K.L.:
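Attaching a single structure in C-alpha cells format; questions to follow.
Every chain is numbered from 1, with letters handed out A, B, ... down the list of sequences. Small disclaimer: the values here were computed from a predicted structure and weren't measured.
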Amino acid sequence: MSLLRLGWAYFTNRLILPVAAIGIALGVAVLFTVLAVFQGFLEEFEGSIRNFSGDVVVEVPRLVDHTTDQYQGWIEDVDGVESAYPRLNWFGLIGRRGSKALDDPRSADLSGILMLGVDANELPISEASEDGMLPMIMAQALAIRLGLEIGGSVEIVTHRGGGGRAIPVRQTFQLVDYFSTGRFDQEIDRVFVRRLDLAALCRSKPAFTAWKVHAEEGVDASLLAESLRDHFSMIPEVDLIDQPRISTWHDVGGNFLRAAENQKGILGVVFGFIVLVAAYQLIATLLLTVAEKRRDIGILGALGASPLRITGFFVGLGLLISTLGCMLGLLLGWLLATHLPWVESILGGGKPIFRQEVYKFDHIPVAIDFSSILVLLTATLVTALLFSLLPAWRASRLRIVQSLRRR
Amino acid sequence: MNDSQSPSAPVLSAEAVCKSYRMGSGSLEVLRGVSIELHTGEVTALMGSSGSGKSTLLQLLGLMDHLDSGKIALRGRPIHALGSGAAAKVRAQELGFVFQQFQLIHELSALENVLLPRRIARGMSWFANRHQERRRGREVLQEVGLGNRTKHRPDQLSGGEQQRVAIARALISAPPVLLADEPTGNLDRQTGEDVLELLLPLARERGTAMLLATHDERIAEACDRIIYLEDGKLA
C-alpha cells in the first residue's frame, strides 16, 4: 500500500495504464446497462402482472353457480390473503360502431378482445353518458387503433354463456376513460367493463371466472398459492364441485418471464466476456509495464523491496487500474442506463429502436439492482486480481543486478 | 589484502568471497577470494580498472547477487545466505546505495524518490508516520542543497542534482553501511568533485561505513583508505 504512490505515478504518466482502465470501464458500463435494462424489464413485467392479475390468480374451472360471497369467503379465510377481487373475463370481438364488419365477424375489421369485468372497489368505472350504452375503459393505444376518443362508442360481439349452443350478442359500449399499464401487449387487446354489466350481457353464472388475490406484505406468492390449494382441497365436494386452478404471478408470466430471466443470465455471461477481454488486456498492459519498468523494479529491489513486496506492488497496480476502471464504468453505465431514450434516439437517428410491439413496454424499463452491481464489481476485481498475478510474479522474479543495468 | 587494520569491530566484512559468471560453456571468475572489512565512519576507496570486479563486489556486499563461496557478515551476523525476503530487509534497513547511473524513478519527484526507501521499509506503518517522514525527506534534501527542488522530477534536474537526490535517498534511513559504485562516473569533473565534497563529509558525520568504487586516483585520495582490486583479487 505504501507503494501506491508509485503506482499512481505510473498511472498518471503512462497512457497505456488509463487506456487499460478505460477498457475495463467500457466492459463494466455495458454489463451495468444490460443488467439494469433486464432487471428493469423483469421488475416492470412483474409489477404489471401483479398489478393486472394479482399475486395469485384463482381461476374458476366451470360455470358452477357459486355465489361471489361464498367464493370470496373461501379465499379470504386463508392466512396471508390481503384482498381478493372477483373478475369476469370474457372474450369478444371489438369494432367501431357502425362497421359493416360487425355483421360479418370473419372480417379483418374486427379485433379479438378480452373483456375484464371488474368491481368498483378494484377499478371504478363511471356511468356511460348515453342511454343504452355500457361504460368501458380501454388503453389509449387501442383507442387510437379504433379511432376512438373519450365519449366515443364501440360495439362488441360476443356470446352468451350458460352451456349449450352459444348465442351471439352485440352491445354498444362507450369509452369513459383510459387505463395505462405501460405494457403494450396488455393495452392493445384488453378492456375493462363493469363486472355485473358483463355478467348480465353474457348471462354468466357465476358472475366471475377468476379471482385476483393480493398477498399481505411479506407473504410469498408461491406459499400463498400453496395455502389456497390446501384450503380449497379441504372444502367438501358438496360445496365445491371442481377445484379451482391456482397460479402465481410468476406462472401467469409464463414462458415469457422465464425467457427474459434466462436471457438476462445469458447476456450477463456474454457481456461478462467483455470484462474478461478487458481484464486480459490488463495482463498485456502489466506485462508491458514490467518489461518497460524493469530498471525501476531493480531500484525497488535494491532499496529493500522483497520479491513479495514487488508482487504486491504489481497486483496493487492491477487493482488500482481495475478499481478506477470499475468506478468509471459504473458512472458510465449509470449515465447510459438513465439516459437510454437519448441513446436510443442517437442510435436510431430519432426513430425508436425498441418498438413497443416487440418489447411490450412503451418505454425502456431500467432498474439498478445493487446486488447484481456488487456481483459485477466483485467479479471484475477478482478477475483483475487473478490476471495481475502473472505479471506481478514475473516482476518479482527479475534479478536486481540485471534490472539495474537496463537504461 | 592491502587493508590497514582497524581497532574497532567491522560493520561489514567479507571473507574469501568468490564469484564467477557462466560464459557459454565455460565460466568467468570475477572475484577470487576477496576479503574486506568496513568500519564505522571510515570511507574506503575500492580502486581497480574496468572489469576488475569492483561493481560485482559491491553487488555481493549489498546482497543484490549471490556469491559462489565465502562469507559476508554485518556486525558479525552472517548475511550471505539469507533468503530473498530477509536480504531485502537488510538492504532496506542497513544498507545504502549510490549508483553511477543515479537510478532514480522518473515518474516521482525528488522528494518522493528520497522517501522511497522509507516507504519500502515502513510498509503499512508509512501512513501513520508520513508527515514526519516527509519532513525528514525535506531535511535531507536541504542537507544536499536541494531544499528548493523537492517537487522537481529527475528529468528536470541536472546530473549533479540527480546524484544529490540519490545520495539523499541513500542516507535518509541512516544506514550503517553505504555502498557507492562510481558515484561520479557519470558526471563532469567539477560536478563530480562537488558531489564528493558533499558525500564524504556526510558519511563521516553520520558514522557510516562507506565503500566507494572508483577508478579515479584523485577521488580515492580523498578517502580514508584505499584498496585495490586486480583480476578479482585484492592487490
K.L.:
A/Ala302 and B/Phe99: which non-hydrogen atoms are nearest, and at how many Å?
P.N.:
CB-CZ, 3.9 Å

K.L.:
Does a side-chain heavy-atom distance below 4.5 Å link A/Arg405 with B/Gln101?
P.N.:
no

K.L.:
A quick test of your reading: do over 12 heavy atoms of other residues, nucleotides or ligands sit less than 6.0 Å from NE2 of B/His215?
P.N.:
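Atom NE2 in B/His215 is not crowded, with 12 or fewer foreign heavy atoms closer than 6.0 Å.
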
K.L.:
Taking it one step at a time, do A/Leu6 and B/Leu108 satisfy side chain to side chain contact (heavy atoms under 4.5 Å, CB included)?
P.N.:
CA-CA 7 Å; A/Leu6 178 58; B/Leu108 297 178; 3.8 Å; yes

K.L.:
Is the side chain of A/Arg309 donor-acceptor paired with the backbone N or O of B/Ile120 at a distance under 3.5 Å, no angle test?
P.N.:
yes

K.L.:
Would a 4.5 Å heavy-atom cut-off, applied to side chains only, mark A/Asp296 and B/Glu107 as touching?
P.N.:
yes

K.L.:
Find the distance between CG (A/Leu303) and CZ (B/Arg118) and round it off to the nearest 0.5 Å.
P.N.:
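Those atoms lie 12.0 Å apart.
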
K.L.:
Given that the side chain runs from C-beta out, which part of A/Ile299 has a heavy atom under 4.5 Å from chain B: side chain, backbone, both or neither?
P.N.:
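Side chain only.
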
K.L.:
Taking the side chain as every heavy atom from C-beta outward, state whether A/Asn13 and B/Arg153 have any pair of such atoms under 4.5 Å apart.
P.N.:
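Side chain of A/Asn13 against side chain of B/Arg153, heavy atoms only: contact under 4.5 Å found.
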
K.L.:
Could you tell me which portion of B/Leu115 (side chain, backbone, both or neither) has an atom closer than 4.5 angstrom to a non-hydrogen atom of chain A?
P.N.:
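Neither; nothing under 4.5 Å.
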
K.L.:
Heavy-atom distance under 4.5 Å between the side chains of A/Arg295 and B/His106, does that happen here?
P.N.:
yes

K.L.:
Contact part of B/Arg169 toward chain A, heavy-atom cut-off under 4.5 Å: side chain, backbone, both or neither?
P.N.:
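Looking at B/Arg169, just its side chain touches chain A.
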
K.L.:
Below 4.5 Å from any heavy atom of chain A, which atoms of B/Gln93 appear? Answer side chain, backbone, both or neither.
P.N.:
neither

K.L.:
Should we count CG of A/Asn262 as having more than 12 external heavy atoms under 6.0 Å?
P.N.:
yes

K.L.:
Would you find more than 12 non-hydrogen atoms of other residues, nucleotides or ligands less than 6.0 Å from A/Arg399 atom CZ?
P.N.:
no

K.L.:
When you look at CZ of B/Arg32, are more than 12 heavy atoms from neighbouring residues, nucleotides or ligands closer to it than 6.0 Å?
P.N.:
yes

K.L.:
Which atoms form the tightest heavy-atom contact between B/Arg91 and A/Ala305, and what is the distance?
P.N.:
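So the minimum-distance heavy-atom pair works out to NH2-O, 4.1 Å.
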
K.L.:
Look at the side chain of B/Gln103 and the backbone N and O of A/Leu404, then say whether any donor-acceptor pair between them is shorter than 3.5 Å.
P.N.:
yes

K.L.:
Side chains of B/Leu116 and A/Leu3: closer than 4.5 Å at any heavy-atom pair?
P.N.:
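Yes. Closest side-chain heavy atoms under 4.5 Å.
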
K.L.:
Mark yes when over 12 heavy atoms from residues, nucleotides or ligands other than B/Tyr21 sit less than 6.0 Å from its OH; otherwise mark no.
P.N.:
yes

